[in-house]
Amino acid sequence: MILNTGNRTDIPAYYSEWFCNRMREGYVLTRNPYSSNQVMRYRLHPDVVDCISFCTKNPEPMLDRMGDIKDFKQMWHVTITPYGKDIEPAVPDKEIVMESFKRLSGIVGLRSISWRYDPIFIMDTYSLDFHIKTFEQMAENLSGYTDNCVISFIDLYAKTKRNFPGVREVSESDRIALAKEFVKIGKQYGIVIRSCCEGTELAQYGVNVSGCMTKPVIERAMGASIDMAKPQKPAREECDCLLGNDIGMYNTCGHGCLYCYANYDGKTVEQNMRQHDPKSPLLIGNVSADDEIREAKQLSFCSGQLRLEFTK
């Protein structure tokens with residue numbers, strides 16, 4: 001199975017101690033986000049967890065704890081954007097995150113790390129030209145530490161529109177212009193541009209539109225093939241990524257990004273984070289008498305050695 005940590009919150013940035021405690025104890029509990037008294041128990045062992053997928057804006061807190069997960073195959077997505085504190089109030093400056101990225105790349109290797117430049121939106125401060133100029137500066141900095149970058153354009157979820165008033169969709173002409181420039185810059189620095197849930201629109205401009213957390217991406221990170229007898233149901237209809245089995249919890253990320261889809265509001269996040277106990281098997285709070293704990297059905301998908309390269 002693929003264990004996910006980053007679809008609902010940023011575990012490396014805020015809960016690395018808790019996560020490593022779970023690794024040492026060999027199991028983790030996760031509440032169903034739609035039925036809070038239903039709790040899933042996952043065993044954390046390489047014989048059933050083929051790969052751990054991380055998605056973070058700040059891997060630094062995990063870097064000195066990597067020994068706790070050295071026996072597990074890993075795939076890291078690190079989001080580094082050009083935005084300032086007006087958009088991402090608690091995210092470290094991009095220069096700091098890029099240095100952490102490079103250190104992490106040295107630990108896990110090129111095949112197991114991806115730079116995410118998303119979500120992309122256009123406004124007066126963050127214009128088309130600004131994105132192109134900043135993307136090139138960042139690509140030059142990260143060249144040699146990653147060979148792929150995932151892009152996507154902002155989705156106007158209800159939470160996003162409420163927390164980020166005035167934001168608008170990126171026009172087709174701007175999407176195409178950015179894709180063309182990013183692909184050209186990527187070729188200069190050895191970075192393949194991949195899109196996330198953007199359909200096939202950008203394929204003709206050189207963007208790899210096959211997905212960001214698909215079976216081939218995971219196989220490449222693992223250096224092994226995986227055989228899924230029953231394909232995992234995608235998170236979204238247009239998405240082929242393997243995003244199930246997430247151990248995070250919504251409304252628990254402290255970054256405070258205006259575009260975030262995983263947080264309802266800052267007050268809810270603060271309330272939840274105050275209930276975090278690094279020693280609890282649950283990310284937030286502890287097990288109660290009313291909880292119904294179920295054992296997850298975990299099977300290894302690993303079938304053999306395989307080397308895969310991204311296609312451009």
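For this chain, numbers begin at 1 and follow the sequence in order.
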### Query
What closest approach, in Å, do Ser114 and Thr146 show between heavy atoms, and which atom pair accounts for it?
CA-OG1, 4.0 Å
### Query
Checking Asp10 side chain against Ala13 main chain: does a donor-acceptor pair fall under 3.5 Å?
yes
### Task
Give a yes or no on whether the backbone of Tyr145 and the side-chain of Ser105 come within a donor-acceptor separation of less than 3.5 Å.
yes
### Message
Salt bridge or not between Glu99 and Arg103? Use side-chain N to carboxylate O under 4.0 Å.
### Response
no
### Linked, directly or transitively: Ile113 and Met66 (ILVMFWY side chains, under 4.5 Å)
yes
### Summary
Scanning both residues in full, the closest heavy-atom pair of Ile226 with Lys215 reads O-CE, 2.9 Å
### Task
Check for a donor-acceptor pair, side chain of Ser112 on one end and backbone N or O of Ala221 on the other, with a separation under 3.5 Å.
yes
### Task
Return each pair, listed once, that meets ring-ring contact (aromatic ring centres under 6.0 Å, His included) where at least one residue sits in residues 170-202; pairs must be two or more places apart or across chains.
Tyr117-Phe182, Phe135-Phe182
### Message
I'd like to check Ile132 versus Ile185 (side-chain heavy atoms, cut-off strictly below 4.5 Å). Are they in contact?
### Response
yes
### Message
Between Thr79 (side chain only) and Lys57 (backbone N and O only), is there a donor and an acceptor less than 3.5 Å apart?
### Response
no
#### Entry: Residues that Glu17 engages under side chain to side chain contact (heavy atoms under 4.5 Å, CB included), provided they are two or more places apart
Asn21, Arg65, Pro278
### Message
List the residues meeting side chain to side chain contact (heavy atoms under 4.5 Å, CB included) with Arg43, not counting sequence neighbours, and say none if there are none.
### Response
His45, Asp47, Val48, Gln298
### Pair Cys149-Met138, side chain to side chain contact (heavy atoms under 4.5 Å, CB included): steps then yes or no
CA-CA 11 Å; Cys149 177; Met138 296 169 74; over 6 Å; no
### Query
With a distance cut-off below 6.0 Å to the six-membered ring centre and an angular limit of 45° from the axis, does Lys159 pair with Tyr250 as a cation-pi contact?
yes
### Task
Output the distance between atom CD (Glu219) and atom CZ (Arg111), rounded to the nearest 0.5 Å.
12.0 Å
### Task
Evaluate the side chain to side chain donor-acceptor pair (under 3.5 Å) criterion for residues Asn7 and Asp246: first the C-alpha distance (whole Å), next the side-chain angles of each, then the deciding distance (0.1 Å), finally the verdict.
CA-CA 7 Å; Asn7 303 328; Asp246 196 296; 3.1 Å; yes
### Query
Which salt bridge (charged side-chain N to carboxylate O under 4.0 Å, His left out) pairs, counting each pair once, include a residue from residues 282-294, with sequence neighbours left out?
Arg31-Asp291, Glu292-Arg294
### Query
Roughly how far, to the nearest 0.5 Å, is the CZ atom of Phe164 from the CG atom of Leu156?
9.5 Å
### Message
Return the OG to CD distance between Ser195 and Glu198, rounded to the nearest 0.5 Å.
### Response
6.5 Å
### Intermediate values then yes/no, side chain to side chain contact (heavy atoms under 4.5 Å, CB included), Ile247 and Leu283
CA-CA 8 Å; Ile247 62 171; Leu283 181 63; over 6 Å; no
### Message
For Tyr259 and Glu88, which I'm curious about, is there any donor-acceptor pair between the side chains at under 3.5 Å?
### Response
yes
### Summary
Hits for side chain to side chain contact (heavy atoms under 4.5 Å, CB included) against Phe130, two or more places apart or cross-chain, chain-then-number order -> Pro82, Tyr126, Ser127, Thr134
### Query
Less than 4.0 Å between a side-chain N and a carboxylate O, is that true for Lys73 and Asp50?
no
### Exam field: side chain Asp155 to backbone Tyr157, donor-acceptor pair closer than 3.5 Å
no
## Note on the structure
residues 117-127 vs salt bridge (charged side-chain N to carboxylate O under 4.0 Å, His left out), sequence neighbours excluded, gives Arg116-Asp118
## Note on the structure
Taken to the nearest 0.5 Å, the spacing of Ile191 CD1 from Asp147 CG works out to 8.5 Å
### Query
Would Trp115 and Val150 show up in the same hydrophobic cluster when neighbours are defined by side-chain heavy atoms closer than 4.5 Å?
no
### Query
Excluding sequence neighbours, so at least two apart, what forms salt bridge (Lys or Arg N to Asp or Glu O under 4.0 Å) with Glu136?
none
### Message
With a 3.5 Å distance limit and no angle check, can you tell me whether Ser35 reaches the backbone of Asn37 through a side-chain donor-acceptor pair?
### Response
no
### Task
Any chance you could lay out the side chain to side chain donor-acceptor pair (under 3.5 Å) test for Thr268 and Asn251, step after step, and finish with the verdict?
CA-CA 6 Å; Thr268 303; Asn251 297 304; 5.3 Å; no
### Query
Do you know which two heavy atoms are closest between Gly248 and Thr9, and how far apart they sit?
CA-CG2, 4.0 Å
### Message
Between Glu181 and Lys184, does any side-chain N to carboxylate O distance fall below 4.0 Å?
### Response
yes
### Message
Applying salt bridge (charged side-chain N to carboxylate O under 4.0 Å, His left out) as the test, list every pair that has at least one member in residues 199-210; sequence neighbours left out.
### Response
Arg175-Glu201
### Message
Would you say that more than 12 heavy atoms from the other residues, nucleotides or ligands in this model lie under 6.0 Å from the CD of Glu169, or not?
### Response
no
### Query
Can you find a pair of side-chain heavy atoms, one from Leu142 and one from Lys102, that are under 4.5 Å apart?
yes
### Query
Could you give the distance from CD1 (Ile122) to CG (Asp129), rounded to the nearest 0.5 Å?
9.5 Å
### Query
Taking all non-hydrogen atoms of both residues, which atom of Gly211 and which atom of Val217 are closest, and how far apart?
O-CG2, 4.2 Å
### Query
With the 4.5 Å side-chain cut-off for hydrophobic clustering, are Leu299 and Met1 part of the same group?
no
### Message
According to ring-ring contact (aromatic ring centres under 6.0 Å, His included), does anything in residues 54-79 pair up with another residue at least two apart or in another chain? List the pairs.
### Response
Phe19-Phe54, Phe54-Trp76
### Message
Using the side chain to side chain contact (heavy atoms under 4.5 Å, CB included) criterion, which residues pair with Pro61? Sequence neighbours excluded.
### Response
Ser16, Asn58
### Task
Give a yes or no on this: more than 12 heavy atoms of other residues, nucleotides or ligands lie within 6.0 Å of atom OH of Tyr264.
no
### Query
Do Asn32 side-chain atoms and Tyr34 backbone N/O form a donor-acceptor pair below 3.5 Å?
yes
### Summary
Nearest heavy-atom approach of Leu202 to Val209 is C-CG1, 4.3 Å
### Query
What residues join Tyr27 in its hydrophobic cluster, counting side-chain heavy atom gaps under 4.5 Å, either direct or through other members?
Leu29, Val39, Leu282, Val287, Ile293
### Query
Are Tyr261 and Val91 connected in the hydrophobic side-chain network, where two residues link if heavy atoms are under 4.5 Å apart?
no
#### Entry: Nearest atoms (heavy-atom pairs only) where Ile154 meets Arg168
CG2-O, 3.8 Å
### Message
Taking side-chain hydrogen bond (donor to acceptor under 3.5 Å, both in side chains) as the cut-off, I'd like each qualifying pair that reaches into residues 271-281, sequence neighbours left out, listed once.
### Response
Ser280-Asn286
### Task
Would you check if the side chain of Ser171 reaches a backbone N or O of Asp174 as a donor-acceptor pair within less than 3.5 Å?
yes
### Message
Is there a path of hydrophobic side-chain contacts, each under 4.5 Å between heavy atoms of I/L/V/M/F/W/Y residues, joining Val108 to Met23?
### Response
yes
### Salt bridge flag under 4.0 Å for residues Asp68 and Arg22
no
### Task
May I have the step-by-step check of side chain to side chain contact (heavy atoms under 4.5 Å, CB included) for His255 and Cys260, ending in yes or no?
CA-CA 9 Å; His255 290 312; Cys260 182; over 6 Å; no
